[in-house]
Amino acid sequence: MSTEFKLLKRVLSRYSTPMTLNYPSSVVPERKYSQIPSGLRGVPERDRDKCIGCRACYFACSGRATEVIDEGNKRVIDIFLFRCTFCAHCQEACPEEAIKLTERFEVAFPRDEPGAHVSTELDLLTCERCGRPYATKRMLERTYERLMEKIDPLVKETVSNDYRKLIGYCPDCRRANSVALDTHTKKYVWLEGV
Amino acid sequence: MVNEFILLLSMLVVVFVGLFLGVIYSFLLRKISARLQWRVGPLMSVYSDLRPLLGTTRVLQPLYDVMKLFGKETIVPEVSRRRLFLYSPYISLTFAVLAVLFIPFPGAPLLSSTPYSLILASYLLIGAALFSVLGPVASGSPWAAVGVRREAELFLVSELGFVLSIFSVAIARGSLTIWEIANSPPRPILTAVAGALMLAAMLGKLHIKPFDMPEAEAEIVAGPYTEYSGRLLGTYYLARIFILYGLMALFVSLLLPPLSTSIIWLPAYLVSTLVLVFLLALIQVLNPRYRIGNALIWYVKILIPLSILNIVVLVV
Amino acid sequence: MGIIERARVYSPWIYHLHCGGCNGCDIEILAALAPRFDVERFGIQLVPSPRHADILVATGCVPKQFVPMVKRVYSQVPEPKVVVAVGSCACGGSLFYDDSPENYAILGSVDRVIPVDVYVPGCAPKPEAIINGIVQAVMKLNHKKG
Amino acid sequence: MKFATDPKLLEFVKEICPDGLEYRQLHENRVAVRVRVEDLEGLADLFIKFGARLIHATAIDLEMKGFEILHIYDFSKVRERLVIILEAHTERPEVPSIGKVTWQARWAEREMKELLGIEFVGMPDERHQFLPYEWPEPVEGGAQKGSEFIPMNMPITEAYQTLIPIGPYHPGVIEGQTVYVKVEGEDVVAADIKTGFHHRGIMKLIERRGYGRGVFAAEKICGICSGAHGLAYVTCVENLYESEVPDRALYIRTLLAELNRMQSHLLWIGVVADVIGWKTGFMLTWGLRERVMDIIEAITGNRVNYGVWRVGGVSRDVPQELAERARRAVEGLKEECSELLALVADHPVVKSRLIGVGKLSYEQAFDGGAVGPVARGSNWKMDVRADNPPHAIYDPKLISWEVVTDNGCDSYARTIVRVKELLVSAGIVSQCLEHLSKTTGEIRAKPRSIPVGAEAVGLNEAPRGELAYYIRASDRDENLPQGIRIRTPSYRNNAVLPLMLVGCNLADVPVIMGSIDQCLACTDRVEVIGENYRRSMGWEELVAMSRRASRW
């Protein structure tokens, strides 16, 4: 019986003041939530003007919660929150730090209420030769800027006007324009004067 | 004619007061055992900004549970024997309410002055508990069968303790009507010994933690009440509230004689029942559940010495 | 609202329906009953039998072997009942979701088996999010006539 | 810290095995031995008598080239830190079974038979392990007839015997498994287990994600020990190539692995208290557990899936002042835990419910291959952190800790082992945090390319026992593994459970099931077989199916 009295003494002394939070109500604000640390992985948010539509988050998403829908000249990048597990792989993969996991974790969606999607819309450029949409405008600008930063100055001049020559075409048309298969020697030959 | 009318009126009043007190006792059982487990339990006063949504207080939480159950659909499994399954909750409730009528409340002697009222009250209580066992037998679920077997074994032992303690008091006082026992002069030694025996028996009857094997969630789903739902389950919970009140009132009227006789003793009556509830909550918090075998052994271990002690006290 | 509707809101009993997940969300539901978040303050209790339940808290991406059992338990719960899907597995079948040929072992999300009323996504949502979901489910209880 | 490979190892292995076999030294004292299929059984007998322990028996499907049977043995009891992998190549899927030689291979062979289609000659127990019993008759709409009638070897002979299914839905068991108990009155005469309700085919999902992103799926196998799975997977991938993990990352990994163990043991003590009907024990231990969860959440950003494990290091650093704050919190938590758990452990009724219940003697534990606290509770000093440590800081020179054992051989002994382990883990956590709060350093090394045809075994001590990963690198595709095999601790403890259940009281069955702290989500995590059930899918079909599924 002695341990029961020891237990009773300990319970009465230490555990009689409840550690309960008053969660749904904010009568005492600091006792509403258990804790919201700075790095909490909550609902992701995508910054509309930083995102360049490069689909890095789409490839990094292991749970296949991110979808990229290209129709017409619109590219929609959409995270379906019901499949997202808030693992922050997309935040790591994004070159532009456009997507960031906020600290909002209190998400409950009744059945008929929409809103379980985080989507941004970007306009797609269509290729001048075959008219197929191939990349977003902002992506081309960003790649050009990065190219210019990283390239060593000697080659910079030739590369930039080559780049400007091919800027308006989709990858297939670029290949068709710049290279042709010489049937005789079975080799690809550079076309001059595109 | 007039005092019959007063009697009827006081019976009606005591039934409602009994219900109210039973609800308060089971709320306190939940609240105190929650406070001893480092948490809050049903709120006395809901937070101010949630009042319109969740009501002002949760003191009547057991009553809300019962009323909600009355509002739910009742499912009767076709495996069960319909009539016994359907009617046993109501019979158990009527037995419990009748038992309450025979136990005096301060200021309302009710029927406690009829001769042999002690036997009637204890048999009605046993009847209420019995029918809460008969219904599940008819429900045909294996879990209920195991639960009922455990309840029967526990029933055997705790009733033995209950009857021993009651009749030792009756022999000591020399009468079988509760009203005379309640008015007889107090005898502290008798109260102590018979009280200990009756408290131990109450643990088994009320399924307080060390002895709640019939409703062990981890082992046998919900024990006897697995197949019950909706109104039937609601009446069973109501019957248990009345049994809780009845046992408390019987304990006070038999063992603390002057308290339940007249209205002036009402505050002392309430204080003593609250102390009893606190004691039960304490036992519930500190003890895990016995196996059914150990429970029987434990009961036998404490029944024999206590009853011998009772006889010694009677002789003195 | 009448007494019965008010009583329904004051004492919602939850039953934990485990549909084959990784038991991360199940532990968070039990954490909602533990001292820190103690949902018994509002009368919410975890009941052992589906017969006594009002709210079914479903977790896990339903493997095929669970399908008959989930349907049977869902049918045993008496009317006005509400289902809360907790966790990304139950809401949308997080990484087990397979849009191409049907995965031989998994059905994906709970709403392919039983109608779900409130979704609480998150890979192990915090207990506060689960309580928020249950409170919204309690509000819907009264719209579903018994 | 370079992972030394001991040169004298090869001579030792050559002594034991008969000559004329082909030996290959892998990273970190693992030796791969290529043998013929016929002498697998002989070698198994030789190793078991020598005192080795079978970690896992599994197979890799090389589609056109047939199967490769792998038996992985751990010699840590005989010689410090040695793991031998027996590899036998076979065209036809008929292989002699070693189920008779050692009890440990029974479940592994049942799993291989039903999911890779390998016929084992002389298998003691042919029933399905994870799939419904009446597979491959098509299970219409998933309605599993099997759960009603179970062709078990427990026929009901006498009248008073009853067969009680403690079925997939039982409040005492959090997850879905069916324990069939043959009962005479209240005493259990025979018991058997049907798992497979959590079968999600996770191993194939991990394979399809490649090495880098496989961690994401490995963590999702089990909600309670997700940290252990992350560390084991990462250790296994790093064993594939000469990995060079920075020091600070190793400390952060140890910290998270031990925090995961602390919250898992506190959770378990609460669940056992609840199963024996003691709500106060449940509430108090889970109240303390919230403090551990706060520390985990502050460090990793999520209470359950830490999402921090990366191949070659860790993805999130622990700032120094957070480490200091967490250390103070852990110190306070440590003596509060020791006081409360001392009271919980020697409560008279708790003792009466746990002592002498679920007995497992040392021989049964060793033959049956029990792991973790279940083995340590039967007086077997076996801990992966001491024998084959994962890529984290566990050597006694840097962090002082010791392996806890108890010779009670019953549920109560397992409780004591887990309580003491909890305090040892708290010690490790405070030492790690102290080191992290003083030093800084980069936390991630650049992973190098995986050599062709490499293979590796990654071992880690999960809260429930030894967790083994085996990865075979593909010889064609640089980023996709050929096959991943996972053997979780509950897989072994569940296999030993029927031994403990025989002879106990019906009321104790949930207590015993609780005492091995089983995690069903771990046990069923296996392979994919094709829609037309009869034959297992070839490599091209699998890759084609997965390509359609995942858009490459």
Side-chain angles (χ1 to χ4, degrees), chain C residues 15-31 33-38 40 46-50 59-73 76 87-89 93-107 113 122-127, chain D residues 130-132 139 141-144 146-147 167-169 171 173-176 196-202 205 209 216-217 219-224 226 267 270-271 274 282-284 286-287 289-290 293 297 302-305 307 519-522 524 526 528-531 533 545-546 548-550:
Chain C
Y15 178 78
H16 169 219
L17 181 64
H18 181 92
C19 320
C22 76
N23 68 44
C25 301
D26 313 286
I27 302 299
E28 295 297 282
I29 292 171
L30 286 177
L33 296 155
R36 167 170 276 185
F37 301 103
D38 189 24
E40 212 194 335
L46 188 69
V47 283
S49 150
T59 63
C61 52
V62 194
K64 287 229 176 101
Q65 294 183 12
F66 257 111
V67 167
M69 291 116 186
V70 169
K71 283 194 180 113
R72 207 179 306 153
V73 168
Q76 283 177 353
S88 292
C89 283
S94 63
L95 83 155
F96 309 107
Y97 173 74
D98 205 336
D99 43 16
S100 66
E102 204 189 344
N103 181 331
Y104 80 105
I106 302 279
L107 259 188
V113 185
C123 202
K126 270 170 84 89
Chain D
F130 297 113
L131 300 169
V139 177
Q144 183 196 348
S147 63
Y169 279 103
V173 177
I174 297 178
E175 296 153 307
F197 295 100
H198 288 260
H199 180 69
R200 294 163 291 178
I202 273 194
L205 289 178
R209 277 180 172 54
F216 167 85
E219 270 178 334
K220 303 277 190 282
I221 289 177
C222 162
I224 310 172
S226 98
L267 175 147
V271 164
D274 191 48
F282 171 77
M283 290 300 174
L284 299 184
W286 279 55
R289 179 173 173 267
E290 287 298 323
M293 298 300 256
E297 192 174 39
N302 190 313
R303 291 161 60 109
V304 178
N305 292 317
C519 163
L520 266 303
C522 292
D524 325 323
V526 191
V528 168
I529 64 172
E531 283 89 355
Y533 305 139
M545 185 178 102
S546 64
R548 278 203 310 279
S550 46

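All chains are named by letter (A, B, ...) in the order of the sequence lines, taking the proteins before the strands, and each is independently numbered beginning at 1. In this text, all values refer to a predicted model and were calculated from it rather than measured experimentally.
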Nearest 0.5 angstrom please: [X] [atom1] to [Y] [atom2], how far?
X	Y	atom1	atom2	value
K220(D)	C61(C)	NZ	SG	12.0 Å
D274(D)	L30(C)	CG	CG	8.0 Å
E219(D)	C22(C)	CD	SG	10.5 Å

Check A34(C) against W286(D) and note the closest heavy-atom contact, atom names and distance.
CB-CB, 3.8 Å
N305(D) versus C123(C), closest heavy-atom pair with distance
ND2-SG, 3.0 Å
How about [X] and [Y]: do any of their side-chain heavy atoms sit closer than 4.5 Å?
X	Y	result
E290(D)	F37(C)	yes
V304(D)	I27(C)	no
K126(C)	M293(D)	no

Under a 4.5 Å heavy-atom cut-off, does chain D meet the side chain of P50(C), its backbone, both or neither?
neither
Select one option (side chain, backbone, both, neither) describing which atoms of L33(C) are under 4.5 Å from chain D's heavy atoms.
backbone
